[in-house]
Amino acid sequence: MTDHIPAHPDASPLGKPVAYAAHYAPELLFPIARQGKRDEIGVAAGPLPFVGEDLWNAYEVSWLGPRGKPAVALAQFRVPADSPNLVESKSFKLYLNAFNQTRLASVDELAATLTRDLSAAAGAPVSVKVEPLSARPQRPMGYPRGVLLDELDIAIDQYSPAPGLLRADASQPEVAETLYSHLLKSNCLVTGQPDWAMVVLRYRGAPIDREGLLRYIVSFRQHNEFHEQCVERIFMDVMRQCQPTSLSVWARYTRRGGLDINPARRTPDLPPPPDFSEIRQ
């Protein structure tokens, strides 16, 4: 097992010319400690105020069989939110591509190798599922069962995170509802490249002002942060500003480099989000 020591994002392969490895290279995985960004949003080291996971879907997985014939597959990875590290996405892509000329005895050997290496990088057990295309795997797509905010006719002029836009009317009876938007855009923390996503909030509590929530979602438009960090920031801002009794926040980001990342954070009383792809994925 390769030792992975978390490092600063600037030291990652993001935004730098790199040569693709021709064979298996677990040292390519680049872990980044979660705690630095959590300190920024008031999440101290120790027990987390949420549970959840980062769901990764990989669409460009290939390796060689024992006799040199290529195999192709889809893969899914679930990284627990309480893992000390996230894995930088370009390093993840480079690592997966290093299998392209690697001979493996079976799909099971590939899955076991991925599980071992990714768990070592994340610092916690990572769940791995590999589905060869010969087995005809399906990728369900859908939309949340809730209220789309995007048609609200409002003016917006803030494009950096503004939690002060969030408010809930504590004078009104408690509600349980799901609100969502396709207008979440943030930028990569290192390269500044745009990241696009659908974001969903499910909550129970005083009614959240929908116009304020949409303005808040759009306020991430010029913000530089990784996917996982944006979702945790949204969760914490909504909890502080609106004080719901229950909250789930999840996002489905469009793929880059054959990977999409789908972070989800929630209070323990709510179930995980449904596992379907957003149409842009």
Side-chain angles (χ1 to χ4, degrees), residues 1-2 4 12-14 18-31 52-80 83 85-142 195-198 226-228 250-264 272-281:
M1 181 181 299
T2 301
H4 293 278
S12 80
L14 268 176
V18 294
Y20 281 87
H23 298 280
Y24 170 62
E27 67 276 7
L28 291 172
L29 289 170
F30 189 89
E53 65 182 9
D54 305 324
L55 171 65
W56 296 65
N57 292 306
Y59 303 91
E60 301 174 6
V61 179
S62 186
W63 66 100
L64 300 180
R67 299 174 63 189
K69 186 175 74 173
V72 290
L74 300 178
Q76 190 175 79
F77 312 95
R78 296 180 181 271
V79 183
S83 64
N85 307 321
L86 57 84
V87 179
E88 187 276 314
S89 61
K90 185 173 181 180
S91 79
F92 203 151
K93 173 190 175 182
L94 294 170
Y95 164 75
L96 290 177
N97 274 277
F99 285 92
N100 289 346
Q101 292 300 117
T102 300
R103 295 196 182 207
L104 298 170
S106 64
V107 173
D108 289 342
E109 182 183 359
L110 174 63
T113 303
L114 293 169
T115 300
R116 181 188 66 235
D117 294 343
L118 292 167
S119 298
V126 173
S127 171
V128 175
K129 179 171 70 172
V130 180
E131 299 178 287
L133 294 187
S134 58
R136 298 186 177 183
Q138 301 298 308
R139 179 70 68 198
M141 291 189 177
D195 296 318
W196 308 91
M198 174 184 70
F226 290 143
H227 305 46
E228 302 92 330
W250 51 281
R252 290 200 167 273
Y253 280 86
T254 58
R255 75 180 76 170
R256 183 187 293 171
L259 292 166
D260 65 47
I261 309 172
N262 308 278
D275 185 10
F276 61 80
S277 294
E278 199 252 0
I279 189 65
R280 291 177 294 176
Q281 293 181 312

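Computed from heavy atoms alone, side chains included, the values below leave out hydrogens, waters and symmetry copies.
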Looking only at heavy atoms, which two atoms of [X] and [Y] are closest? And how far apart?
X	Y	value
Pro66	Arg103	O-NH1, 3.0 Å
Phe276	Met141	CB-C, 4.2 Å
Leu64	Gly68	CD2-O, 3.5 Å
Lys93	Leu259	N-CD1, 3.9 Å
Phe30	Ser91	N-OG, 2.9 Å

Please answer whether the main-chain N or O of [Y] pairs with a side-chain N or O of [X] as donor and acceptor at a distance below 3.5 Å.
X	Y	answer
Glu88	Lys90	yes
Ser62	Ala71	yes
Thr102	Ala98	yes
Gln76	Leu74	no

Distance (rounded to the nearest 0.5 Å) between [X] [atom1] and [Y] [atom2]:
X	Y	atom1	atom2	answer
Asn262	Glu278	CG	CD	9.5 Å
Glu60	Asn100	CD	CG	9.0 Å
Ile261	Leu86	CD1	CG	8.5 Å
Arg280	Met198	CZ	CE	8.5 Å

Under 4.0 Å between a side-chain nitrogen and a carboxylate oxygen: does that hold for Arg252 and Asp275?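 Yes, Arg252 and Asp275 are salt-bridged.
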Can you find a pair of side-chain heavy atoms, one from [X] and one from [Y], that are under 4.5 Å apart?
X	Y	result
Arg255	Asn57	no
Val126	Asp117	no
Leu96	Phe77	yes
Tyr24	Thr113	yes

As a quick check of understanding, evaluate side-chain contact (heavy atoms from CB on, under 4.5 Å) for Leu114 and Phe99, giving each step before the final call. CA-CA 10 Å; Leu114 293 169; Phe99 285 92; 3.9 Å; yes
side-chain contact (heavy atoms from CB on, under 4.5 Å) assessment of Leu118 paired with Phe92: CA-CA 9 Å; Leu118 292 167; Phe92 203 151; 3.7 Å; yes
Applying side chain to side chain contact (heavy atoms under 4.5 Å, CB included) between Asp260 and each of Tyr253, Trp56, Tyr59, report the one that passes. Tyr59
